[in-house]
Amino acid sequence: MISWDNFYVFAIGAGLCWLVAAFVSLRKLKTTFISYVILGFQMLGLVILSVFIIGLSLRLERWPMKTMGEIRLWYVFFLSLTGYITYKRWYYRWILLFTTLMSVVFMIINVLRPELHHQSVMPALRSVWFVPHVIIYMLSYAFMACTFLIALSGLFTQNARYIHACDDLVRGGLSLFTIAMLLGAVWAKEAWGHYWTWDAKEIWAAVTWMCYLLYIHFRDSKPKQYTISYLILLFAFLSLQMCWYGVNIFPSLKENLHNYV
Amino acid sequence: MSVTRLTCMNVVKKNKGYLFILAILLFIIGLSFITINPHAFAFPVNIIICFVSVYLSVLFGRLSESLRFFSSRKAVMTAFVCIILLMIMHWLFYHRRLFDGGFFPPALYDFSKSAMFVFAWMMFVVVLGAVIVRRLTLVKTNNQWFLLHHFGLWFALMTGFLGSTDSYTMYALLTKETSTSYAYNKDGQAMQLPFQISLKEIRTEVDKSGAVAYYGATVKVKDEGKEKTKTIAVNHPYRCKGYDIYIMQAGNYRCKLQIVYDPWRYVVLLGILMMMAGALGMFFKGFKIQKQNDKLG
C-alpha cells in the first residue's frame, strides 16, 4: 500500500530518472534518439511520482494538498514538467539539471521531515475551491522557478539571450498566478466574509504579483536594460518565497488567517 | 523688492529639487498621521468619488496633452513601486511588537485605513483608468483580452475599495436557546439586524488524530413572523436579507458568528470574473502568438 513510509522508494526512482534525463540533455550533440531518451526518462520520472500521488490519494481518500509536504509533491511534479517544457521550447541545456536538482531537494525535505505530512485537515480547507487554488498556484510557482533560474543565469553571464524565455515564462506564470489569487479571493469571501483581508500572506501575494507586473511593464518600457529586468525577476522570486513559506517564520503568523499553511 | 525676499527667492531657485523632495516627504509624513474612517465615504459619497476618478482617468488618458504622463509606462511603474513599498511597510507594521512604543503614528498600524495607503491606492486606480482610456482610444486591434483584464482589475479595485465604505462586519455571541437581533462591530458598538437569530444546536466532528475536522451551528432565523432553520458551517455561510452569516468559533453551548453586510459583493465579483477571464485569455493568447512566431521562424 502506498503511503509516506515508502515515499523514499518513489523519490529515488523519480529522482534517478530525472537525473539521467538532465545529464543526457547536457550533451551538445543532439540526435532524435537522444531526444527520445530525454523525453522517456523525464516522463518515466513523472509517471513514478504520479503513481505515488494517486496511491496516496486513494489511501487518504482525498487529494493530497492539505499539508506543506503534500503541496511540495505537486510543486516537484510541476517543476519537472515545466522544466522539460522550457528545455524543449528554448533548448537551454542546463535548465533540466537545475529543475531536477530543485525537485530532488524538495523530495529530500519530504523524506527527512515526515512531520510535515501528518498534520490534520482544518475545516477551512475543506472546500471545492481549494484544489484549483493550490494546483494553479503550484503550476505558476513552477513557471516562476524556471524564470528565476534563467534570470540568474542571464545575470551571471550578462547574456541578453535569456530574456525572451523569461518574458514568455513570466507571462504564462503570471496569468496562472492571477487566476489562482482571484480564486483564493472568491474562496475567502465564502470562508471569511471578505475578498481580501491584508493578512501577511495576502500582502506578499500582492507584492509578488506587482513585482511580476512591474517586470512586464519595465520590459515593454526599457527593452535593452536586461540587468535591471533580471534583478526585478530575482526580487519577485524572493517575494514569492516569502509568500509561500517565508511569512510562516515571522511573528505575524499568529494574526494571520492563513496560519495553517 | 526687499533684499530678504530676493535672497529667499534665490535660495528657492537654487534648491528647487531638494525643496520638491522635502515637500513630498512632508506630504507623506502628514498622510501617515491621518486615519480614515471608511464609513465617512459611504453612499452617495463613494459614487461621487467614483465619478471624479473616472473623470481624472479620462483627463489624464485622453483629454489633456500635458497630463498624459499619468497614463504612461513611467507613471504605471512609479505606481507599482510605491504600492510595493507601501505593502512591505504594511507587513512590517503587522509585527506590532517590533514597532510598539508610541513612536509611530497610530494610522500605520491599521494601514488599509491610513490616508497614505488610501492616497496611493486611489492614485493607482486613476493611473490604471488612464491607461485603459488611452489604450481604448489609441489602440484598435488585438486589444480585447488586455482591456478585459485591465478593466476587470480597475473595476474590482474601485468597487472593492468604494464598496468597503458601505459594508459592515459585526459579531454575535449566541448561547443555546437564546435569541438576539443585535450584533457588535469591532469597537463594541451595537447594530440592529433586520432579523432575529437563535442557536438551536452545535455539531463538532473530530478526526482520528483528535483535531477538529468540522464544526457547524444550526440556527433559527425569525424574519417577519416566518421562522427558518439553517445550518451554518465553515465555507457554508447563510445569506439572509443581504447579510452573510459565518461561523467563527464553536464551543459546547455557544458559538461566535460573524455577520457581514456587503451590498457590493456581487459587483466586486463581476470585476474579479472579468479579470480572471482576461488572464485566461492572455494566457492562451500568449501561446497563440508563440505558435505564430514559431511558424514565422
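Naming convention: chains lettered A, B, ... in sequence-line order (proteins, then strands); numbering from 1 in each chain. All values below were derived from every heavy atom in this structure, side-chain atoms included, with hydrogens, water molecules and symmetry-related copies excluded.
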Side chain from CB out, backbone as N, CA, C, O: work out which of these in [X] comes under 4.5 Å of a heavy atom of chain B, or both, or neither.
| X | value |
| --- | --- |
| A:Val207 | both |
| A:Phe235 | side chain |
| A:Leu174 | neither |
| A:Tyr195 | side chain |
| A:Thr178 | side chain |

Hey, is the main chain of [Y] close enough, under 3.5 Å, to the side chain of [X] for a donor-acceptor pair?
| X | Y | value |
| --- | --- | --- |
| B:Asn46 | B:Leu162 | yes |
| A:Asn110 | A:Gly69 | yes |
| B:His150 | B:Phe146 | yes |
| A:Gln42 | A:Tyr84 | no |
| A:His133 | A:Ala180 | yes |

Region of [X] that comes under 4.5 Å of a non-hydrogen atom in chain A:
| X | result |
| --- | --- |
| B:Tyr261 | neither |
| B:Leu280 | both |
| B:Ile83 | side chain |
| B:Tyr214 | backbone |
| B:Met248 | neither |

Between A:Arg171, A:Met242, A:His194, A:Lys222, the one whose heavy-atom pairs under 4.5 Å with chain B are most numerous: A:His194

Heavy-atom pair count under 4.5 Å with chain B, highest-scoring of A:Trp129, A:Phe177, A:Trp196, A:Trp209: A:Trp209

So if I apply the ring-ring contact (aromatic ring centres under 6.0 Å, His included) rule between A:Phe237 and each of A:Phe148, A:Phe143, A:Tyr215, A:Tyr141, which one comes out positive? A:Phe148

Counting heavy-atom pairs under 4.5 Å to chain A, which of B:Leu269, B:Val81, B:Ile247, B:Ile245 comes out on top? B:Leu269

Specify which of B:Asp244, B:Leu273, B:Thr169, B:Ile259 makes the most heavy-atom pairs with chain A at under 4.5 Å. B:Thr169

Using side-chain hydrogen bond (donor to acceptor under 3.5 Å, both in side chains), reason through A:Ser127 and A:Trp187 one step at a time and then give a plain yes or no. CA-CA 8 Å; A:Ser127 166; A:Trp187 178 22; 3.1 Å; yes

Against the six-membered ring of B:Tyr171, is B:Lys256 placed for a cation-pi contact (under 6.0 Å from the centre, within 45° of the normal)? yes

Which of parallel (below 30°), tilted (30 to 60°) and perpendicular (above 60°) describes B:Trp121 and B:Phe161? tilted

